[in-house]
Structure formats: structure tokens, C-alpha cells
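FYI, side chains are in, hydrogens and waters are out, and symmetry mates aren't considered; it's all heavy atoms of this structure. Residue numbering restarts at 1 for every chain, and letters A, B, ... go by the order of the sequence lines. Note that the structure is predicted; figures quoted are calculated from it, not measured.
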Amino acid sequence: MDNKIISDMFAEIASMLSLDERPTARFEVRAYQKAALTIGSMQEGVDDIYRKGGKAALMELPGIGKGIAGSIEEYITTGHMEKYEYLKKMYPIDMKGLTSIQGLGARKAVALYKALGVKDIPTLKKALASHKIGKLEGFGEKSEEMIHKGLDLLQRSSGRMLLGDALPVAEAIVQRLKDSGLVDRALVAGSARRMRETVGDLDILAISEKAPKVMELFTKMPEVESLIAEGPTRSAVRLKIGLNCDLRVIPEDGFSAAVQYFTGSKDHNVQVRTISVRKGYKLNEYGLFNKKGKIIPTKSEEELYAKLGMQWMPPEMREARGEVKLAQESALKMPVELGDIKGDMHTHGRDSDPSTDPLEKMADAAMTSGLKYFASTNHTKSLKVENGMNEKQFELFFKKVDALNKRLYGKIRILKGAEVDILKDGSLDLDQKCLKSMDWVVGSVHSAFNQPEEEMTKRIVKAIDSGFIDVLGHPTGREMPSRDAYRLDLDKVCEAAERNRVAMEINAQPKRLDLNDTNIISASKYKIKFAIDSDAHRTPHFAYMRYGVGTARRGWLTKDRIVNAMGLKEISKYLEMD
DNA sequence: GCCGTTTTCGGCCCGACTGTTTTCAGTCG
């Protein structure tokens, strides 16, 4: 898989081309940036695409034309890329490393190289230590300090943060602004609103007549570590949690346009703005304007999109994956919502296990979350670190479940289940009699992650074909940020799931979100259902459901594809069909 | 360098903020 290497090369080419004075160069820069983004975010390897369909197949990818496809072909076949090497000779510096420092761009990086021989992070550190940077032309004390701070920051943080860590902080800041009485409205925009699995920064928007006071409140919040910028319409701070946060204060008549603009994504916005131009409008973050430059007031995003001849789209879908065209044709189906969720098909909890809450507490929490049923699915004996249970223990445990169900009848129903380990050879970690006694079985891989793709695929397909599992738990096994997905042929797994009526899980734990959005899109081609599960080990974890639903929405799943969007009667019928 | 209901040429987003300027360049989003 060469995607990351090639994507990085294109990103570096873009940086180096940004130094080019030719007027057309800046468009080339954008072309290479876009290509880098496309390739960097793809699931399939460019080398596979090239092997299957040659240069023509590469040119099917968005932002990849004849020239860039040629460069990819050249790299795959020869291991070299002439354009990259030519530019690299002109600028023999670690452009990617240096420009990843906040406040240091390509031009300043080259200026540092020419004046002080800075070519990478270590030589930059030396230059900083000698205090020569502030004396250079075009630099000053403040730029030196900014580079210093930027470097510190880079070394302390890897950049993006889990949505589950970032979103609650953003929502707390919004609440603080609202509680102050200084703002009329405030909301979280950006990638957090789109429920991306990780976010690089937070964007908050507010309507207020008292911008200076709002900015003062914002920049002096206890969450703030340091001030990056403060102005009348925009301020930016570094938060103690290690994330930058922007606040924009906007007048009321431009709010819906600002919300649309700052929710993005970038590519989605480019498409929407192109449509607005065709309709004779101009759309920017300040509003929708007619040809004479007069603002066309819009009260909501719905109204704004309607003016452009489009359906409103949920933020999670605004990733330029075809939603714009469908919205123009009014053919967009609205995805599942948190309110549609009636149950949870993967939870843990028992009295004897100190790493979880007891079943009664879990049932209480499930009721508080508004659920009508949930499956209690404890780990099985092989998973010793999680206190996995054996057949006898399940038998005893289920008697407790029966008793509790009797007591809670009419309020909530607990389904008897297990998260059974799919062992290395694809067999299951409990005997058939025990598995048959259950309402719902989650099958999951928790060991031997390093098997080759073919072996792992066979292992999982064998488990699905056993006929004993109802859902494949966290199907790719990734855990952000440290554990990558195991190698797996998802198509073969989905085919097996389809013929066995096995669902695919969307595990809602913030570090998992597995399947992820792009895998969901691939998997949804098959006639299978999905289960959005909190995988709660303790009562607060039921709240993870929103991240799973957000991920399902990013994968365009409608309510009818979700197992646990069924009511209790419906799901009981579904379970009897086994 | 990419792309196409503006279709094989001629567009491609541009404003806010900062710092080092003395009217603007660099960076960011």
C-alpha cells in the first residue's frame, strides 16, 4: 500500500510549488493538495487500482487527471517520481515536517533554509537555540517565538483528537456562552458537527451584538491554555486538552450562511458554491448574495439550501460523496437518528466483574437512555483479561436475567447473549448448547490480530457460517489512535453475512467507531442489516450511542437498515426467525 | 494540474489576523 507515501509526496510537491511565482502555479498547488487528500483518505491501495485498471482507473478518482495519474504510474512502476525529485533538488528540505509547525509555511521554511541552513526539525531547533531567526529580514522576535511555540505544540500533540473527547468540550463551551446571556445563539460547527471520528480543531459560531464581551469571555475561559488570535469577528485559542478552538461572532442575517460554510466539508462547500454561482448568486461565510451584492436573508440552513434548489442535508453527509447531486434531485434519503434507536445489542455488566457495573445498574441506565431493550453480552472464557465467562457461568447468569426480566416486565427487556470470541481458527469460544440458549450472539475477534488477510477473512467467514452468531462485533478491530484495523476482505465477510442473515456492528465506542463511515458505505451495498451498539461496560457508556449513530449517518444508513431501530415486538419477531 | 448543464479553454474562494511592514506578505481556515 503506497497511499501514504504518494499522498505525502503530492502534499510536499504542493508546498514546493506554492513558492513558484507563475500566476497559474497556485492552481497547480491546489490540484496537488486535492490529489494528496484523495489518495490519503482512500481505503483501497492506489497500486491495486493501478494493477486492476491501469492509468485510466486512476483518472476516475476525483482530482486525479492525466498528469497526476502519470506520476502515480511512474512511482508504482519505477519507484521514482521525476517531478518530486526535481523540486526536491531545488528545495532539499523536510517541507512536510517543517510546514506542519503552526505559523511556519513553505516560504518561511525556505527563507530559513537559505539564511540559516535549516532543513528539518533538528536543524530548526539549533537555529532557535542560537536566537538568529528573529534577526532575519521578514522575521522578528514574535515570529521566532511563534515558531518556538509551534514546535513545542507539535511535539506535544499528534494533532487530531477523538470526537468523543473533543465534542463534549466544545458543547461545554457553547453552553458557557449561552449561560453568559451575551449570545443569542451558539453552536458547534466544523468536523465535530459532521461527527468525524477525529477532529483537528473546534469551530464555534455565535450570534451576538456584544462581540467584544463575548471574545473576552471566550479567551479567558478556564479551558484556555493560550491565546492564538483575538479580533472582533474571530478569536482563536489553544485549549488545555490540546486542541485549537475558533470562535466566530456573526450578525444574525448571516448566521445560516456561516453555519453552512463552517460546517463544511471543504469539498462539499466548493460544490455548493459552484451551484450558487450557476444560479446567479454568490455564497460565502457572510451570506447568500444576489448579483447586485445585496444579501438574501435566510433564516435557516434549510432555507439556504432551498434557495439553491437543494434538499437540506444532515451535516454528517456533507463530505462530497454524491450528496449534493442527490439533494438537487430531491432524492436524498434521510439517515437514521438517535431518536430512532430503541435498543442496544452489545453491552457488558455483571455482579462479579469489577471492570463493569452490575446488570441491575446497566438496566437502570438503559431505561434512563430511553431504551426498550438491550442485549447483555459478556465476554467468553478465552478472554481472560476481561474475566470471560464459561458455559456454566452463562447458565447461572441467565437465571438472573430471567428473574430481572420478570421484575422489569413492561419497562425494559434484557436479551440473553454473549460476545463470543472468534478463536484463531474461526471456531467459537462456547459450546453449541450454550450458544443455542441465547437470544443474541455477538461474534468478535480479540486475538491474533496479525494474521494475513486471507487467514483472517477465512476465520471470520467460518464464524459467520457457523450459524450461531447474529452480529459481527467491531468488524475490523481497530482502536484509535494506536491499533490499526486488521487485514480483512470486507467484501467476502459481507457476502457471508448476507447469506447467513448476520448483521454488521457499528461499534459506538469513540476509540473504535467500527465499522467506520467508508466501510459502512461499502458494506451497505450488500443486503445486510447493521447494529449500532454502545458496547457499554459501565452505565455512562450508553451515551456513546450518539457517536455510533453519527457514524451510521456518515455512512448514509437509513432507519430500516438498523437492527436496534426496531421496536421490541419487531425485534422479538426478528429473533424468532433464527 | 483538474475539470466540464460555462465542456477541450479558461476558470479555479478569498477574507481575517498577525507581524513586520510603511502598503504588504505569510499563514490559516
Taking only side-chain N and O atoms of A/Thr99, does any of them lie within less than 4.0 angstrom of OP1 or OP2 on B/dC28?
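For B/dC28, OP1/OP2 do not have a side-chain N/O of A/Thr99 under 4.0 Å.
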Taking OP1 and OP2 of B/dA16, is either one under 4.0 Å from a side-chain nitrogen or oxygen of A/Tyr286?
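So the side chain of A/Tyr286 is within the cut-off, an N or O lying under 4.0 Å from OP1 or OP2 of B/dA16.
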Just the rounded figure in Å: distance from [atom2] of [N] to [atom1] of [X].
X: A/Ile275; N: B/dC13; atom1: CD1; atom2: P; answer: 14 Å
X: A/Asp201; N: B/dG29; atom1: CG; atom2: C1'; answer: 8 Å
X: A/Ile72; N: B/dC2; atom1: CD1; atom2: C1'; answer: 13 Å
X: A/Arg26; N: B/dC2; atom1: CZ; atom2: P; answer: 18 Å
X: A/Asp246; N: B/dG15; atom1: CG; atom2: P; answer: 18 Å
X: A/Lys266; N: B/dC13; atom1: NZ; atom2: P; answer: 10 Å
X: A/Ile101; N: B/dC28; atom1: CD1; atom2: P; answer: 10 Å
X: A/Tyr261; N: B/dA16; atom1: OH; atom2: P; answer: 11 Å

Among [options], the nucleotide that comes nearest once only the side chain of [X] is considered:
X: A/Ser143; options: B/dC2, B/dG19, B/dG15; result: B/dG19
X: A/Ala31; options: B/dG26, B/dG19, B/dG1; result: B/dG1
X: A/Arg107; options: B/dG15, B/dC2, B/dT27; result: B/dT27
X: A/Val277; options: B/dC13, B/dT20, B/dT6; result: B/dT6
X: A/Lys108; options: B/dC13, B/dT27, B/dG1; result: B/dT27
X: A/Lys83; options: B/dA16, B/dG1, B/dG26; result: B/dG1
X: A/Thr233; options: B/dA16, B/dC13, B/dG1; result: B/dA16

For [Y], is there an ion pair with [X] - N to carboxylate O distance below 4.0 angstrom?
X: A/Glu323; Y: A/Arg318; value: no
X: A/Asp94; Y: A/Lys119; value: no
X: A/Glu12; Y: A/Lys88; value: yes

Base, sugar-phosphate or nothing for [X]? Non-hydrogen atoms, less than 4.0 Å.
X: A/Lys34; value: nothing
X: A/Gln328; value: nothing
X: A/Phe139; value: sugar-phosphate
X: A/Ala35; value: nothing
X: A/Ile64; value: sugar-phosphate

Separation between the [atom1] atoms of [N] and [M], rounded to whole Å:
N: B/dG15; M: B/dC9; atom1: P; answer: 31 Å
N: B/dA25; M: B/dT20; atom1: C1'; answer: 9 Å
N: B/dT21; M: B/dT27; atom1: C1'; answer: 16 Å
N: B/dT6; M: B/dG11; atom1: P; answer: 14 Å
N: B/dT8; M: B/dC2; atom1: C1'; answer: 12 Å
N: B/dC3; M: B/dC13; atom1: P; answer: 14 Å
N: B/dG10; M: B/dG19; atom1: C1'; answer: 36 Å

Residue whose nearest DNA chain B nucleotide is more 5′ - A/Glu285 or A/Glu141:
A/Glu285
Residue whose closest nucleotide on DNA chain B lies nearer the 5' end, A/Thr274 versus A/Gly140
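Its nearest nucleotide being more 5', the pick is A/Thr274.
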Counting only Watson-Crick or G-U wobble pairs whose two distances fall under 3.5 Å, which nucleotide matches B/dT8?
none
Check the surroundings of atom NZ in A/Lys126: do more than 12 heavy atoms from other residues, nucleotides or ligands lie under 6.0 Å from it?
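Counting other residues, nucleotides and ligands, NZ of A/Lys126 stays at 12 neighbours or fewer.
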Answer yes or no on whether A/Lys108 is positioned over the face of A/Phe139, meaning its NZ or CZ is under 6.0 Å from the six-membered ring centre and within 45° of the axis.
yes
Trace of the side-chain contact (heavy atoms from CB on, under 4.5 Å) decision for A/Leu163 with A/Glu197:
CA-CA 5 Å; A/Leu163 178 68; A/Glu197 59 196 32; 5.7 Å; no
Member of A/Arg321, A/Arg194, A/Arg553 meeting the side chain to side chain donor-acceptor pair (under 3.5 Å) criterion with A/Asp517
A/Arg321
